[in-house]
Peer 1: 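To start, I am sharing the structure in question, which I have written as structure tokens.
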Amino acid sequence: MNNFVRNTHKLNKHYIGRLYSQVVTPFEVKAEQGSCVNYDKLIEQFGSDPISEEQIRRLEAITGKKPHHLLRRGVFFSQRNFSDILDAHEKRNSKVPPFYLYTGRGPSSQSMHIGHLIPFIFTKWLQDTFDVPLVIQMTDDEKFLWKDLDQKTLRTMTVENIKDVIAVGFDPKKTFIFNNFDYMGHMYRTVSRIQKSITTSQVMGCLGLTNSSNIGKIAFTASQAAPCFPSSFPHIFRDEKLNSKIKCLIPCAIDQDPFFRITRDISNKLGFQKPCLIHSKFFPSLQGNNSKMSASDGMSSIFLTDTDKQVQSKINKSMSGGGATLEEHEKFGANLHADIPYQYMRFFMEDNDELERIGREYSSGRMRTMEVKKIAVELLLDIIKGHKQRREQITQQTIDDFMNTSQDKWK
Ligand code: TRP
């Protein structure tokens with residue numbers, strides 16, 4: 001970092017992102033020309049910290065659980081105050097949960113794509129590992145404000161997405177799912193306190209908004225910030241006196257960090273703990289590692305509703321890191337980093353030894369692209385099949401149980 005950047009950082013960290021040529025906000029991911037997002041630089045740009053080997057070792061030591069493959073393989077790679085969560089878990093007593101988990105989803109399409117599963121799969125693992133409450137926010141208001149979608153369409157999208165989220169397998173006794181349009185009244189007091197503490201210019205700089213942005217977009221930061229504070233969930237955290245002590249851990253893709261950077265700045269002033277974060281990299285699109293999978297672009301994504309044939313054909317056409325000709329492939333081997341089927345295996349294949357074997361064989365040129373694509377197709381079909389089966393079991397009653405605002409299940 002040169003001096004100019006360093007000094008500017010001190011002046012106003014919210015503007016720091018503008019000084020780099022890659023732009024990452026919740027609404028725009030732009031890498032430097034022709035390359036993929038530079039994640040080391042992003043850590044520096046955002047002022048977060050890498051997840052250390054020591055933290056992963058400690059997590060294993062205190063929970064007795066083998067660290068999740070998304071953690072071991074560096075898909076989750078960055079954090080803010082994650083050690084505080086480990087401390088809280090170590091010092092826990094049986095009466096109050098040491099922290100809670102918060103994640104969310106903006107329902108902008110009828111069907112989620114496989115990349116959307118990643119933060120949820122990891123969140124489920126965290127919930128199982130730490131046995132803590134989890135709140136999941138559906139930001140139907142966000143998508144209404146940002147996209148050309150009417151409220152009726154959004155309602156169906158929200159319900160469909162909620163089913164996809166539930167199908168990941170969260171514990172219904174410890175999970176609360178809510179959508180902003182319907183839940184807002186319960187958290188509006190907290191939302192207003194947040195709105196009062198953040199200025200328009202802070203939000204604009206951090207999210208890349210302008211003077212002509214609609215005012216809903218400016219105010220929305222408070223909707224996404226509110227669940228970081230236990231006062232937004234009086235049915236879960238009933239003893240108000242504890243609200244200043246309870247911590248929150250947010251697993252999310254790193255593009256969501258700007259919201260929480262603003263939130264962390266005001267937390268103490270409002271009498272709450274700063275939210276802790278654990279960030280993932282983006283899930284690459286079928287076209288290659290330099291763009292992320294987007295549900296609004298049907299050709300860049302594999303949807304959870306795709307048929308077996310569609311999945312197969314999409315993977316077969318996806319960006320390959322194999323050699324251009326067979327001779328070249330045998331001579332130089334495959335570029336694993338550029339190879340989308342291999343990259344998808346890194347996200348979804350649990351078996352470490354098998355993944356390593358494929359990586360070794362393929363990068364040395366001994367294994368062919370078609371073979372790797374076939375393994376990737378089988379893996380994804382298996383995941384989608386399991387997902388569809390669990391999703392079919394979901395009834396209106398299941399949804400109501402997850403979205404119930406009564407205190408009963410939290411006693
Ligand atoms: N803004 C996120 C999206 O568009 C949804 C979201 C709300 C979220 N709260 C969150 C994501 C907390 C991660 C963590 O998908």
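Since the model is a prediction, treat every value here as computed from it, not as a measurement. Atoms within a ligand are numbered from 1 in the order they appear, just like the ligands themselves.
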Peer 1: Relative to Phe46, does Arg261 satisfy both conditions: NZ or CZ under 6.0 angstrom from the six-membered ring centre, and within 45 degrees of the ring's axis?
Peer 2: yes

Peer 1: Can you sort out the partners of Ser313 under side-chain contact (heavy atoms from CB on, under 4.5 Å), two or more places apart, ordered by chain and number?
Peer 2: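 Result, side-chain contact (heavy atoms from CB on, under 4.5 Å) vs Ser313: Lys317.
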
Peer 1: Please identify each residue that fulfils side-chain contact (heavy atoms from CB on, under 4.5 Å) with Pro284, with sequence neighbours left out.
Peer 2: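 In terms of side-chain contact (heavy atoms from CB on, under 4.5 Å), with neighbours along the sequence ignored, Pro284 is linked to Asn289, Ile340, Gln343, Tyr344, Phe347.
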
Peer 1: Short N or O contacts of ligand 1 with protein, under 3.5 Å, listed by atom name?
Peer 2:
unit_1   : atom_1 : unit_2 : atom_2 : d
ligand 1 : 1 (N)  : Glu142 : OE1    : 2.9
ligand 1 : 1 (N)  : Glu142 : OE2    : 3.3
ligand 1 : 1 (N)  : Gln224 : OE1    : 2.9
ligand 1 : 1 (N)  : Gln256 : OE1    : 2.9
ligand 1 : 4 (O)  : Glu142 : OE1    : 3.2
ligand 1 : 4 (O)  : Lys143 : NZ     : 3.4
ligand 1 : 9 (N)  : Tyr102 : OH     : 2.9
ligand 1 : 9 (N)  : Gln137 : OE1    : 3.1
ligand 1 : 15 (O) : Gly106 : N      : 3.0

Peer 1: Side chains of Asp257 and His279: do they bring a donor and an acceptor to under 3.5 Å?
Peer 2: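 Short answer, yes.
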
Peer 1: Not counting sequence neighbours, which residues clear side-chain hydrogen bond (donor to acceptor under 3.5 Å, both in side chains) with Ser192? List them please.
Peer 2: none

Peer 1: Please step through side-chain contact (heavy atoms from CB on, under 4.5 Å) for the pair Leu277 and Phe82, ending with a clear verdict.
Peer 2: CA-CA 6 Å; Leu277 286 115; Phe82 185 60; over 6 Å; no

